[in-house]
Asker: 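Structure incoming, see below.
This structure is a prediction, so every number in the text was calculated from the model and none was measured. Numbers for residues simply follow the sequence, beginning at 1.
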Amino acid sequence: MAEAAGDSAQHGDIDVAIVGAGIIGIAAASFLQDEGRDVLLIDRGEPAQGASFGNAGAFAFSDILPLASPRIMRKAPRWLIDPLGPLSIPPAYLPEILPWLIRFWRASWPDRVRGAMVAQAALMRLASREMAALVAAAGLDGMVRSDGSLELYEREAELTAAMPGWDARAQEGIAFQHVRGAAMADLQPGLSPRFVAGTFVPGWKTVSDPYDFARALAARLVRRGGRIARHEVAAIRPVAGGVALDCRDGSSIMARQAVIACGAWSRSLARALGDDVPLETERGYNTTLPPGAFDIRRQLIFGGHGFVITPLSSGIRVGGAVELGGLARGPNFARSEAMLRKAAGFLPGLKTDGGRQWMGFRPSLPDSLPVIGASRASADIVYAFGHGHLGLTQSAATGRLVADLVAGRAPVLDIARFSPQRF
C-alpha cells in the first residue's frame with residue numbers, strides 16, 4: 001500500500017505530514033481529509049504494522065478507569081512477584097523506569113484518579129460518537145461486532161472489590177449488568193465453574209480484526225487522494241513557512257504542518273522540540289489461535305489475571321497483561337504461553353494448538369491519559385500519542401481533536417488534561 005513521497009517531499013508542497021501510520025495516524029489523516037487537507041502519512045514500515053496489528057480489537061468505550069489507582073497499587077506487589085503475571089518489570093530495567101513509576105504512584109492518589117477518570121470518560125464519549133460516524137462514512141459497519149463484553153470473577157470478593165469502579169461507570173451513564181448462573185452461561189457457554197459471577201457491558205464493541213480494520217481505513221485514505229511514504233523520521237523542527245522533517249536517510253520533507261503520532265517512538269521527537277513527555281512502553285503479548293479453537297461469543301475479560309480473549313475473523317486471540325520493559329529488550333513469549341495455559345483452564349475444551357504469538361508496544365503515560373496538543377516549539381506541530389491499550393478505542397476522538405488543532409480552532413473537547421506540558 002505504501003507509495004514513495006517522491007520529489008514532492010523535497011519541494012515543500014506537503015500540506016499536513018503525519019508521522020506514524022498506526023490507527024491514531026490513520027484516523028487523524030481521515031479527519032483532516034474530511035476538511036479538505038492534503039495529507040502525507042509517513043512511517044518506517046507498512047501501515048498498521050505496530051500496536052495496531054495485534055491488539056485485542058476492542059472499542060472499549062466503557063474503560064474509563066485509569067490504570068494508576070489505589071486498587072492497582074494494592075495489587076501490584078503481589079503481581080510483581082510473578083514474572084509471568086499481569087504486571088512485570090524486568091529487574092535490569094527497574095533503574096530506568098523508576099522515575100516513571102514514581103509519577104505512576106502519584107497519579108494513583110484518589111484526587112488525581114478522579115480527575116483522570118472524568119477526562120477519560122469525556123474522551124470516550126467523543127470516541128464513541130466519532131468512531132460510529134467514521135465507520136459509517138468508510139462503509140466498515142460489517143467489520144464491527146456489537147456483542148458486548150463479559151468480565152469474569154472467580155470469587156464474590158473479587159466482584160465486591162470491583163464495585164466502586166462499576167459505580168463510577170454508572171455515574172458516567174455506562175450501562176452494565178452483573179450476572180450469575182444461567183445468565184452468565186448464556187452469555188458464554190463452556191466456562192469453568194470456578195467463575196461465580198460476571199459483568200456484561202452491552203456497549204462494548206470489537207472489530208473483526210484490528211489489522212484489517214486499520215488497513216481498510218488506510219486504503220480509503222489513498223483512494224481519497226492521501227499519500228503514504230516509507231521514511232524513518234529522525235527529527236522534526238519548525239522552519240520559516242512550516243515544518244521540516246529530517247529523515248534517517250538524509251532527506252528532508254517540508255510541510256506546512258505536522259502531527260507526531262508514532263506511538264511508543266514519539267518520545268525522542270517530542271523531547272527534541274522541548275517537551276520531555278514521560279512516555280513508557282507497555283509490552284503486550286498474545287497468542288492467536290486458529291478459528292474454531294472455541295466458541296467465543298464476545299470478548300471475555302479476566303481482570304484478575306490481566307488478559308482478555310477476543311473472537312476475531314483471524315482466530316481466537318488470547319492476550320494482554322503489562323510488561324514495562326522499554327523498546328530495546330527482546331520479547332519474552334513465556335508470557336504469551338502463561339496466558340494461554342490460564343485460558344485453557346478457564347475454558348475447558350479450548351484447543352491451544354497452532355497459535356501465532358505476537359508482542360507489541362503500547363505507548364503509555366503514568367496518568368493513563370494520552371498526549372493531545374501542540375508542541376512547545378510550534379503550534380504547527382501537534383502531538384497525538386500515549387493512548388496505552390486504548391489506541392483503537394480512542395483513535396477517532398483523537399482524529400477529531402487533531403483536526404481541530406491543525407485548523408487552529410477551539411477543540412470540541414476541553415483538552416487541558418491531555419496537554420503535553422502537564423508533566
Side-chain angles (χ1 to χ4, degrees), residues 21-27 30 46-63 124 127-128 130-132 134-135 138-152 187-188 200-219 263 282-303 306-322 336 339-340 343 347 350 355-364 387-399:
I23 190 61
I24 298 295
I26 293 168
S30 298
E46 292 289 330
Q49 286 287 348
S52 300
F53 178 86
N55 63 65
F59 292 149
F61 301 126
S62 62
D63 196 358
M124 290 297 198
S128 179
E130 296 293 352
M131 183 55 78
L134 178 59
V135 166
L140 300 181
D141 303 79
M143 299 185 77
V144 178
R145 298 179 51 155
S146 301
D147 301 319
S149 66
L150 180 62
E151 184 158 357
L152 293 156
L187 289 166
Q188 179 55 62
F200 175 58
V201 181
W204 193 282
K205 303 177 189 296
T206 55
V207 294
S208 55
D209 185 275
Y211 178 58
D212 291 345
F213 182 80
R215 292 273 293 182
L217 287 176
E282 284 184 45
R283 297 146 57 90
Y285 292 83
N286 66 47
T287 302
T288 303
L289 300 170
F294 200 87
D295 180 19
I296 303 292
R297 303 290 177 86
R298 51 189 42 82
Q299 189 168 78
L300 305 178
I301 302 172
F302 303 93
F307 74 92
V308 304
I309 300 179
T310 313
L312 302 173
S313 59
S314 53
I316 304 299
R317 182 158 293 165
V318 180
V322 173
S336 298
M339 285 184 281
L340 190 59
L347 297 170
L350 176 69
R356 304 184 309 277
Q357 295 178 328
W358 178 85
M359 187 271 283
F361 301 104
R362 309 182 192 114
S364 298
H387 296 76
H389 60 280
L390 296 170
L392 176 61
T393 300
Q394 297 178 339
S395 57
T398 303

Asker: Between Thr310 and Ala56 (side chain of the first, backbone of the second, donor and acceptor by atom type, cut-off under 3.5 Å), is there such a pair?
Answerer: yes
Asker: Just by modelled atom types, is the Gly54 backbone N or O under 3.5 Å from a matching donor or acceptor in the Asn286 side chain?
Answerer: yes
Asker: Just by modelled atom types, is the Ile26 backbone N or O under 3.5 Å from a matching donor or acceptor in the Ser30 side chain?
Answerer: yes
Asker: Do Arg283 and Phe361 make a side-chain contact, defined as non-hydrogen atoms from C-beta onward lying under 4.5 Å apart?
Answerer: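 Answer yes - side chains close enough.
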Asker: Tell me, do Leu217 and Ile23 make a side-chain contact under 4.5 Å, heavy atoms counted?
Answerer: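 They are in side-chain contact.
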Asker: Given 3.5 Å as the limit, does a donor-acceptor pair link the side chain of Gln299 with the main chain of Glu151, or not?
Answerer: no
Asker: My understanding is that only one of Asp212, Asp209, Thr288 makes a side chain to side chain donor-acceptor pair (under 3.5 Å) with Ser314; could you say which?
Answerer: Asp209
Asker: Any side-chain heavy atom of Ser395 sitting closer than 4.5 Å to one from Met131?
Answerer: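 With C-beta onward as the side chain, the pair touches.
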Asker: Tell me if a side-chain donor or acceptor on Gln394 pairs with a main-chain N or O of Ala127 at a distance below 3.5 Å.
Answerer: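 Not confirmed, Gln394 side chain does not pair with Ala127 backbone.
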Asker: For Phe294 and Leu289, what are the C-alpha separation, side-chain angles and deciding distance, and is it a side chain to side chain contact (heavy atoms under 4.5 Å, CB included)?
Answerer: CA-CA 9 Å; Phe294 200 87; Leu289 300 170; over 6 Å; no
Asker: Testing Ile301, Asp147, Leu150 for side-chain contact (heavy atoms from CB on, under 4.5 Å) with Trp204, which one passes?
Answerer: Ile301
Asker: Would you find a donor on one side and an acceptor on the other, under 3.5 Å apart, between the side chain of Arg317 and the backbone of Asn55?
Answerer: yes
Asker: Quick one: closest heavy-atom pair of Ile316 and Pro311, and the distance?
Answerer: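 Closest approach of Ile316 to Pro311: CD1-CA, 4.1 Å.
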Asker: Do the rings of Phe213 and Phe59 sit parallel, tilted or perpendicular, given the 30° and 60° boundaries?
Answerer: perpendicular
